[in-house]
Amino acid sequence: MKPDPVIEALLSTLAADPGNHPVRVHVARLLLDAGSPADALTHATTVLAAEPDNLAALRVAAAAAGATGDAAKAASYGRLADALAPEPATPEPPAAALAAGVPDTADEILQQWQTSPAAAEPEIGALGAAGITLEDVGGLAEVKKRLNLSFLAPLRNPELRVRFGKSLRGGLLLWGPPGCGKTLIARALAGELGASFYEIGLSDVLDMWIGSSERNLRGIFDTARRNRPCLLFFDEMDALGQKRSNLRAGGVSMRGVVNQMLAELDGASTDNEGVFVLAASNHPWDIDSALLRPGRFDRTILVPPPDLAAREAILRFHLRGRPTERLNLAKIAKATEGMSGADLGLLCEQGTETAMDASMTTGQFQPITQQHLEEAARSVRPSIGEWLEVARNYALYGNDAGAYDELAAYLKKRRR
Ligand code: ADP
């Protein structure tokens, strides 16, 4: 894709004036229209981190998340936008439809209660069984080795831990480009520990902020403690734990969230035994350093761009349940070096659209073919370069504390 001069100009305006939210929302919208939903989403969430009630940013975030294939995220941003600007009331449903929803027998009442949202314990986020282990994560051998050494082994060897005086306090931060398996790995770690998986996204926290209700971080930690062993996973930590200096004056409540998070993690009075706290971030350099001190998110692991095996697994994941001919995904994985998981998701979306178009024009059902995907692979622009560029600067110039050593090693290996 050719660089769009309008977008380029607006991006340089933003470089000089990063807090200009109206321009950032506009850029996000243009990027979305230009077929770069992942970039659009990054800009929209940057605005939301500072202005959680920015309706325009929420709408763009919803559309962009949808376009990257993340339906769950799209729905939650959409819900938030609707909550802020409700659609005009819909007409009353006909009486018959209402009657159908009224339970009659005890069984029906029980069933309706069990499936009602009120019965599910967490009001925020999603709590459930992990369902997978590290074996389900494709490739990334180095990452798995590190996770075993720094996270799983100390948990599994309490005696050794005591002898070496190693504490289990503190959380683990997984960081790296978007769509490359951070959430999947967190879920797999819960599976390895036989713990339930409790995921909190940015939209849950924004929800909390907008509603300023009782549902707060304390409630989240309490739910996790009631369900231990439990792995509590905070997605998009950069936005949640924004450097307090980045928050605009009006963002006091977000600052409150950061402080409350610190209190929960430190929690001398609270018993966090059996609660494992993990977080993920695409740009850890935006996280308030108070959250990265010892006892907090003090261990960090880079989840790098996907290697060959990981790319094949990601492609397989995005094509699951879709009609395809026999595919040689290894070949596509080979041709997509340098793409992030999000890019591969987009590639599969484009391949699917081509197959649907072909079905509609010919009037005959056409499954997704190798050729559709190979064409898509040629047209998707890998977004990882920009991420690596920013990350590289931090590895080169902001690595005083050694926080980016893993990235420096990765870049050296790739000789960037
Ligand atoms: P992140 O949290 O880094 O943004 P996710 O973990 O949500 O990314 O990954 C997006 C999707 O891609 C996941 O649902 C997962 O199924 C798939 N995926 C990503 N990395 C891998 C991998 N290494 N092996 C298998 N599937 C993967």
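Below, each value reflects all heavy atoms present in this structure, side chains not excepted, and no hydrogens, waters or symmetry copies. In listed order, ligands and their atoms are each counted from 1.
Residue-to-ligand polar distances keep Pro178 apart from ligand 1: every N/O pair is separated by 3.5 Å or more. Looking at Leu184 next to ligand 1, an N or O pair under 3.5 Å apart turns up. Taking any N or O of Asp235, backbone or side chain, none lies under 3.5 Å from an N or O belonging to ligand 1. At a 3.5 angstrom cut-off on N or O pairs, Cys180 counts as close to ligand 1. Here's the thing with Asn282: none of its N/O atoms is less than 3.5 angstrom from an N/O atom of ligand 1.
Gly139 does not count as a contact of ligand 1, since none of its heavy atoms falls under 4.0 Å from the ligand. Taking 4.0 Å as the cut-off, Ala280 does not count as a neighbour of ligand 1 on heavy-atom distance.
Look at Arg79 and Asp82 and you find no salt bridge, because none of the NZ, NE, NH1 or NH2 atoms lies under 4.0 Å from a carboxylate O. Remark: Arg146 does not engage Glu142 in a salt bridge, criterion side-chain N to carboxylate O under 4.0 Å.
Within ligand 1, the atoms closer than 4.0 Å to a non-hydrogen atom of Ala313 are 24 (N), 25 (C), numbered from 1 in the order shown. For ligand 1, the atoms sitting less than 4.0 Å from at least one non-hydrogen atom of Leu140 are 23 (N), numbered in the order shown with element in parentheses. Residue Gly138 has at least one heavy-atom neighbour below 4.0 Å for each of these atoms of ligand 1: 22 (C), 23 (N), 24 (N), 25 (C). Atoms of ligand 1 lying under 4.0 Å from at least one heavy atom of Val137, given by number and element, are 23 (N), 24 (N).
No side-chain N or O of Thr46 forms a donor-acceptor pair with one of His43 less than 3.5 Å apart. A donor and an acceptor atom, one from each side chain of Arg322 and Thr352, are located under 3.5 Å apart. Between the side chains of Gln350 and Ser379, at least one donor N or O lies within less than 3.5 Å of an accepting N or O. Between the side chains of Ser340 and Asp343, at least one donor N or O sits under 3.5 Å from an acceptor N or O.
Given atom 21 (C) of ligand 1, the protein heavy atom at minimum distance is Ile314 CG1, 3.3 Å. Of the protein's non-hydrogen atoms, Gly179 O, 4.0 Å is the one closest to atom 10 (C) of ligand 1.
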